[in-house]
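To start, the structure itself, in structure tokens.
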Number of protein chains: 2
Amino acid sequence: MTPKPTAPYRPRTLAPMQRVAGLDYGVLDELLGYALRRAQVAMFLAFHAATRGQDITPPRFTALVIVGANPGISQTALGNVLGIARSGAMVLTDWFQARGLIARRRAPDDRRAWGLHLTARGERMVRSMTRKVVALDRRRAAVLNGEERRQLLSLLNKLAA
Amino acid sequence: MTPKPTAPYRPRTLAPMQRVAGLDYGVLDELLGYALRRAQVAMFLAFHAATRGQDITPPRFTALVIVGANPGISQTALGNVLGIARSGAMVLTDWFQARGLIARRRAPDDRRAWGLHLTARGERMVRSMTRKVVALDRRRAAVLNGEERRQLLSLLNKLAA
DNA sequence: GGGGATTTGTTATAGACCACTACAATCGGC
DNA sequence: GCCGATTGTAGTGGTCTATAACAAATCCCC
């Protein structure tokens with residue numbers, strides 16, 4: 001139960017997928033998948049820069065927001081939202097619990113399951129992180145005007161559906 | 001030099017980031033970063049399904065295309081395109097070489113560097129994979145009309161720049 | 001031209017992330 | 001009450017990629 005000492009988070013991808021001048025990208029320039037990946041890496045690096053030193057990753061941020069907005073959610077359901085297996089959801093929950101951000105409480109209607117809840121500290125954390133992430137997202141999207149941004153969001157959601 | 005037996009490739013993310021009905025996604029619904037990630041995971045899973053059993057991953061496909069379009073490119077330059085460190089570019093190159101898809105030839109103007117080239121087999125492979133990947137990309141983008149697709153590509157590229 | 005800084009490829013090491021499996025406790029339907 | 005499904009858990013293994021350190025070659029600048 002004592003917080004395990006863990007190494008500070010280091011993003012797995014440190015470098016952007018550089019657009020190298022004078023190089024032929026062949027078919028890649030026509031692929032949505034490639035553009036998607038490049039944009040995502042850029043966004044990921046910006047996320048990391050904006051939250052540096054806080055050991056927060058995109059999946060962790062997602063988890064905090066989801067638990068905050070859906071108190072009592074089970075670990076399995078959280079895993080489904082994140083697209084990870086139950087075992088992974090548990091590691092994640094342990095991590096938050098060790099830091100006093102999430103508390104496990106027995107679900108009233110199912111004694112197998114835990115209900116996940118933000119602690120007071122978790123609430124503060126998610127509010128603070130949300131401010132930073134929203135600001136970063138807006139900053140990163142500053143190359144687009146409002147209409148383009150809305151369009152992009154809508155097109156991406158279509159694609160993910 | 002004999003091809004090392006490697007376990008068949010298994011994507012690290014097997015499950016989509018499900019849109020769970022009745023769940024509150026809070027601020028996530030407003031974030032480009034989250035939409036980007038969801039779309040990318042969906043595309044990645046489709047990629048894996050379309051290339052199943054061939055041990056090809058998006059980065060590997062990218063590498064093959066880049067080497068094919070830029071014969072003689074160095075390992076370091078390839079790493080830059082992919083956004084990975086030199087050591088990683090080398091592991092990747094070893095992997096291709098062990099399968100007879102890429103050959104290392106000494107660069108004529110720099111005796112430190114290798115020039116990477118597709119073998120005949122590599123050429124065939126990249127052509128075959130390209131067909132599959134382009135078809136998949138088009139299929140996946142079928143929810144968009146041509147104009148939307150062009151717009152999305154353009155917006156993503158703006159975002160990644 | 002010579003010498004220090006830089007670059008390239010390489011090897012070794014380590015860490016983060018995540019899946020899979022097996023297990024016990026619990027639930028649900030019949 | 002019983003059997004299959006589900007939940008959380010612990011253990012294990014594999015993939016990917018970074019970092020550090022090194023030798024050989026190159027570059028650059030005076």
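Bear in mind that the values here come from a model prediction, so they are computed numbers and not experimental data. Just so we're on the same page: letters track the sequence lines, and every chain starts at 1.
Note: CD1 (Ile84(B)) to P (dT15(D)) measures 16 Å, nearest angstrom. Rounded to a whole Å, the CG atom of Asn80(B) is 11 Å from the P atom of dT7(C). Distance Phe44(B) CZ to dA19(C) P: 11 Å, rounded to the nearest Å. For the pair Leu92(B) CG and dT10(C) C1', the computed distance is 15 Å after rounding to whole Å. Counting to the nearest Å, the C1' atom of dC16(D) and the CD1 atom of Ile56(B) are 16 Å from each other. One interatomic measurement links the two molecules: NE2 of His48(A) to P of dT17(D), which rounds to 17 Å at whole-angstrom precision. With rounding to whole Å, Leu82(B) atom CG is found 10 Å from dA18(D) atom P. Arg111(A) has its CZ atom 14 Å from the C1' atom of dG28(C), to the nearest Å.
Sorted by first and then second residue, the salt bridge (charged side-chain N to carboxylate O under 4.0 Å, His left out) pairs with a member in residues 16-27 of chain A read Arg19(A)-Asp29(A); sequence neighbours excluded.
Not counting sequence neighbours, the partners of Met90(A) by the side chain to side chain contact (heavy atoms under 4.5 Å, CB included) test are Gln75(A), Asp94(A), Arg104(A). Residues forming a salt bridge (charged side-chain N to carboxylate O under 4.0 Å, His left out) with Lys158(B) (at least two apart in sequence, or on another chain): Glu148(A).
Helix bend of the helix from dG1(C)-dC30(D) to dC30(C)-dG1(D): the angle between its two end axes, each built from five pairs, comes to 40° after rounding to 10°.
Cation-pi geometry between Arg105(A) and Trp114(A) is not met: the NZ or CZ atom fails to fall both under 6.0 Å from the ring centre and inside 45° of the normal.
You'll find the side chain of Leu31(A) reaches within 4.5 Å of the side chain of Leu28(A), heavy atoms only.
Leu116(A) contributes atom CG, which lies 10.5 Å from atom CG of Asn70(A) (distance to the nearest 0.5 angstrom). With rounding to the nearest 0.5 angstrom, the CZ atom of Arg127(B) is 8.5 Å from the CZ atom of Arg124(B).
Nearest nucleotide to the Thr57(A) side chain, out of dA18(D), dC17(C), dA19(C): dC17(C).
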Please write out each protein N/O paired with an N/O of nucleotides 6-10 of chain D under 3.5 Å, distance rounded to 0.1 Å.
residue	atom	partner	partner atom	Å
dT6(D)	O2	Arg112(A)	NH1	2.4
dG8(D)	OP1	Gln75(A)	N	3.1
dG8(D)	OP1	Trp114(A)	N	3.4
dG8(D)	OP2	Thr76(A)	N	2.9
dG8(D)	OP2	Thr76(A)	OG1	2.4
dG8(D)	O3'	Trp114(A)	NE1	2.8
dG8(D)	N7	Arg86(A)	NH1	2.7
dG8(D)	O6	Arg86(A)	NH1	3.3
dT9(D)	OP1	Trp114(A)	NE1	2.7
dT9(D)	OP2	Gln75(A)	OE1	2.9
dT9(D)	OP2	Gln75(A)	NE2	3.3
dT9(D)	OP2	Arg104(A)	NH2	3.2

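Listed for the Asn80(A) side chain is no donor-acceptor partner under 3.5 Å among the backbone atoms of Val20(B).
Hydrophobic side-chain contacts under 4.5 Å tie Leu144(A) into a cluster, directly or through other members, with Leu32(A), Leu36(A), Met43(A), Val143(A), Leu152(A), Leu153(A), Leu155(A), Leu156(A), Leu159(A), Leu32(B), Leu36(B), Met43(B), Val143(B), Leu144(B), Leu152(B), Leu153(B), Leu155(B), Leu156(B), Leu159(B).
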